[in-house]
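Okay, structure first, notes after.
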Number of protein chains: 2
Amino acid sequence: MTADKTLSLYFSLFNEIGIISQLSSALVNEQLPKGLSNAHFNVLIHLDRLGDGQTPLAISRAFQLPKTTMTHTLCGLETHQLIEMRPNPKDGRSKCVWLTQKGHAFRNKIINNLAPDLIKLSTQIPQDRILNTITGLAEIRKIMDANRED
Amino acid sequence: MTADKTLSLYFSLFNEIGIISQLSSALVNEQLPKGLSNAHFNVLIHLDRLGDGQTPLAISRAFQLPKTTMTHTLCGLETHQLIEMRPNPKDGRSKCVWLTQKGHAFRNKIINNLAPDLIKLSTQIPQDRILNTITGLAEIRKIMDANRED
DNA sequence: CTATAATGATTCGATATCGCACTAAACAAT
DNA sequence: ATTGTTTAGTGCGATATCGAATCATTATAG
């Protein structure tokens with residue numbers, strides 16, 4: 001295969017991915033109140049799924065974002081009382097991030113509001129298609145992630 | 001299929017997409033000089049592929065971005081002399097965006113610099129996998145795009 | 001034709017992202 | 001114990017994103 005063909009193939013891939021990323025962000029944003037963005041919601045999801053009590057640095061690494069960005073995002077979540085920042089008992093420099101009751105409830109509410117849109121999607125696209133696409137994406141993601149480090 | 005399963009399936013999908021979107025943006029950003037971002041580069045690509053002379057509004061719609069964002073991005077490109085903004089002969093309120101020689105050359109250079117990374121990827125992932133994934137993504141994107149309007 | 005509405009682009013203010021520099025705490029090496 | 005290095009988090013400045021309001025031009029209605 002020519003280099004040109006390869007390039008345009010991957011440009012197509014990344015173009016589709018970019019568009020869907022934007023569309024899915026829009027879906028979530030529609031459900032969020034003013035003052036809270038995708039960035040905030042993703043952190044809530046993350047803490048709920050993988051457990052809270054993590055440090056800000058660990059979270060910023062999980063999202064591969066600069067820690068200054070995470071400081072800002074966590075600050076917003078704390079202002080809205082969706083998380084609590086407590087000192088890290090194991091390291092005086094560090095903090096631990098905990099979901100509050102309100103944070104849990106908020107996450108659940110947003111996910112519930114999201115459900116109709118996603119369930120509608122699931123009626124429009126065969127499940128096999130989604131599963132196969134996820135499999136392909138996961139492979140691509142793993143390799144790109146591995147390449148990133150060298 | 002339960003609603004819960006459906007939700008987590010689509011969350012997985014969008015999660016993979018979000019990560020790859022971030023990784024591919026990073027690939028491009030590595031090749032861009034300070035002062036020019038993905039946003040700028042994507043506009044150059046767009047003008048080269050689909051033809052220049054478009055209005056700012058048309059471009060902002062193509063990317064589904066607010067027109068104020070596009071004003072800002074185009075302003076940056078103009079400062080770097082990668083595009084020219086000329087009055088629209090068909091509408092006194094409007095402008096047309098044209099690639100300069102420098103803009104063309106810049107696009108070509110960046111794409112060339114990007115090539116090694118993408119060609120490496122193409123040696124790591126079977127082409128069929130990429131093609132199938134693109135097909136799946138395109139279907140998902142089309143349906144989400146259509147849903148967006150109602 | 002004139003008055004009104006709609007449209008393309010910009011300005012402005014608010015928030016987000018991110019690199020750089022800084023502080024405080026922990027760790028490492030003697 | 002002391003000193004130098006590394007690490008966690010934050011403050012700050014630059015740029016990006018985006019909604020609301022504004023200005024100029026065009027389209028529409030009567």
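Computed from heavy atoms alone, side chains included, the values below leave out hydrogens, waters and symmetry copies.
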Atom NZ of A:K95 to atom P of C:dT23: distance rounded to whole Å? 17 Å
D:dA8 phosphate, OP1 or OP2: any side-chain N/O from A:T55 under 4.0 angstrom? no
Assign each of A:H40 and A:T68 to its nearest nucleotide of DNA chain C by heavy atoms, then name whichever residue's nucleotide is nearer the 5' end. A:H40
note: A:Q54, atom CD; D:dA8, atom P; distance rounded to Å ~ 14 Å
Can a donor-acceptor pair be found, under 3.5 Å and without considering hydrogens, that links the side chain of B:Q22 to the backbone of A:F63? yes
Starting from P on C:dC18, measure out to CG on B:N29 and report it in whole angstrom. 9 Å
Measure across B:P33 and B:F106 and return the closest heavy-atom pair with its distance rounded to 0.1 Å. CD-CZ, 3.8 Å
Is there a side-chain polar atom (N or O) of A:T71 under 4.0 Å from OP1 or OP2 of D:dG9? no
Checking contacts here: which listed nucleotide (C:dG8, D:dA8, C:dT17) is nearest the side-chain heavy atoms of A:R61? D:dA8
Rounded to the nearest Å, what distance is computed from the CZ atom of residue A:R86 to the C1' atom of nucleotide D:dG9? 18 Å
Considering just the side-chain nitrogens and oxygens of B:R93, establish if one lies under 4.0 Å of OP1 or OP2 belonging to D:dT22. no
Does A:D91 reach a base, just sugar-phosphate, or nothing at all? Heavy atoms under 4.0 Å. sugar-phosphate
Just to confirm, is there a sub-4.0 Å distance from OP1 or OP2 of D:dT26 to any side-chain nitrogen or oxygen of B:K90? no
Expressed as a whole number of angstroms, how long is the span from B:N88:CG to D:dT26:P? 10 Å
Knowing that exactly one of A:I111, A:L77, A:N29, A:L36 qualifies, which makes a side-chain contact (heavy atoms from CB on, under 4.5 Å) with A:F41? A:I111
Whole angstroms only, please: what is the CE-P distance between A:M70 and C:dT15? 19 Å
Heavy-atom count around A:K109 NZ within 6.0 Å, excluding the residue itself: above 12? no
Using only heavy-atom distances, decide whether a donor-acceptor pair under 3.5 angstrom links the side-chain of A:K67 to the base of D:dG9. yes
If I take atom CD in residue A:Q22 and atom P in nucleotide D:dA16, what distance separates them, rounded to the nearest angstrom? 17 Å
